[in-house]
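Worksheet: the structure to be examined is printed underneath.
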Amino acid sequence: MKIFESINEFQTEIESLKANGKTIGFVPTMGALHEGHLALVKQSVSENDCCIVSIFVNPTQFNSLSDLEKYPRDFNKDVKLLKSEKCDIIFAPKAEDMYNINELKNRFDFDFGGLDTVMEGQFRPGHFNGVVQIVSKLFKLVQPTKAYFGEKDFQQLSIIHQMVKVLDFNIEIVDCPIVREDSGLAMSSRNERLTTEQRAQAAEISKTLLESCSLASHLSPCELTTKVIDNINSVDGLVVEYFDIVDVKTLQTVNSWINPAVGCIAVFCGEVRLIDNIRY
Ligand code: PAF
C-alpha cells in the first residue's frame with residue numbers, strides 16, 4: 001500500500017494508473033475509520049483495479065473550531081486498517097496544500113437546487129459548501145471511475161449526486177447501506193466520544209426509527225414526526241435537534257406517504273451530535 005502526502009507525487013501516480021487503463025475506486029474519508037468506512041473500502045477493492053482512500057479532516061465543512069479540533073484522529077490505526085483491507089493507496093494531503101488562504105476565508109459557492117436549505121443545511125450553515133468544495137477538489141485529483149459514499153449521511157449523498165450532475169463529472173457514485181453496531185447504533189467516527197452509558201442511550205435512536213416504520217401505516221408523516229421526536233426526547237441524555245420525514249429526491253418535508261420518503265434525524269447525546277435515517 002502506498003501513502004501520498006504530496007499532491008504532485010500523487011498526481012504522477014494517478015497519471016500512471018490512467019495511462020495503464022486501470023479503473024479507480026475512491027473512498028473519501030476524514031479518517032477515524034470504523035466498520036462503516038471499511039465496508040465502502042471492501043466494495044471499492046472488489047469492484048476496481050485500484051482502491052484509493054483519502055484521509056483529510058476538511059476544515060471548511062466544520063461550523064465551529066472546537067468541533068474541528070475535537071474530531072478524532074488516529075492516522076497510524078487508519079493505515080493498519082486500510083492495509084488489512086488491501087487498499088492500494090492512501091492520499092493524506094495537508095490542509096495548506098489543498099487550500100489557499102482565500103479558499104479558507106471565503107465560502108465556496110454552489111447551486112444545490114434547494115437540497116442544502118433543510119435539515120443538516122439548516123443547522124450547519126455552510127457545511128455542504130465545504131463538503132462540495134473538498135469532494136470536487138478530490139474528484140479532480142483522483143479522477144475515480146467510481147466513488148463510494150455511505151447512506152448514513154443521506155443528505156450529503158443527495159448533494160454529491162447533484163454535484164456530479166451540475167459539475168459534469170464522469171464518475172459513478174455508489175450509495176452504500178448504513179453499517180450498524182450490534183445495538184443498532186449507526187457507525188460513526190463520533191461514537192468514539194460516547195461513554196458506555198451514552199452508547200446505551202444512543203442506541204434508542206435507531207430503535208425508535210425502526211419502530212416508527214411499523215407505525216407509518218396508521219399515522220400521517222406529521223403525526224409520526226411528533227411521535228419520534230417525543231420518544232427520543234424522553235430518553236435521558238438525548239435531545240433531538242431535528243427529525244424530518246422528507247421526499248427521497250427533493251429532501252422537502254412530505255405531508256403524505258405517496259412518494260418514497262426518508263426520515264432523517266440529528267440528536268445530541270451529551271455533547272456528541274449523531275445522525276441517522278430510515279426509509280419509509
Ligand atoms: O463524509 C465524510 O466523511 C466527509 O464529509 C467527506 C465526504 C470525506 C468530505 O470531507
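Read the numbers this way: they start at 1 and go in the same order the structure lists the ligands and their atoms.
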Open item on the list: With a 4.0 Å cut-off on N to O distance, would you call Arg190 and Asp67 a salt bridge?
Closed with: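 Yes, this pair counts.
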
TODO: Run through Lys137, Lys94, Met98 and flag the one making a side-chain contact (heavy atoms from CB on, under 4.5 Å) with Phe56.
DONE: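 Testing each of Lys137, Lys94, Met98 against Phe56, the sole residue satisfying side-chain contact (heavy atoms from CB on, under 4.5 Å) is Met98.
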
Task: Protein heavy atom at shortest distance from atom 3 (O) of ligand 1 - done: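 Looking only at protein heavy atoms, the one closest to atom 3 (O) of ligand 1 is Met30 CG, 3.8 Å.
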
Task: Identity and distance of the protein heavy atom lying nearest atom 2 (C) of ligand 1 - done: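 Checked against all protein heavy atoms, atom 2 (C) of ligand 1 sits closest to Gln156 NE2, 3.9 Å.
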
- [ ] Assess the side chains of Tyr280 and Asn259: does a donor N or O sit below 3.5 Å from an acceptor N or O?
- [x]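 Their side chains do not contain a donor-acceptor pair, so the 3.5 Å distance test is not met.
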
Task: Element-labelled atoms of ligand 1 that are located less than 4.0 Å from some non-hydrogen atom of Ile134 - done: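 Under 4.0 Å from Ile134, ligand 1 has these atoms: 9 (C), 10 (O).
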
Open item on the list: For the 3.5 Å polar cut-off, considering only N or O atoms, please tell me whether Gln61 and ligand 1 meet it.
Closed with: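 Between Gln61 and ligand 1 (N or O atoms, distance only) the closest approach is under 3.5 Å.
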
Open item on the list: Using 30° and 60° as the class boundaries, would you call the ring planes of His34 and His37 parallel, tilted or perpendicular?
Closed with: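 Plane angle between 30° and 60°, so tilted.
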
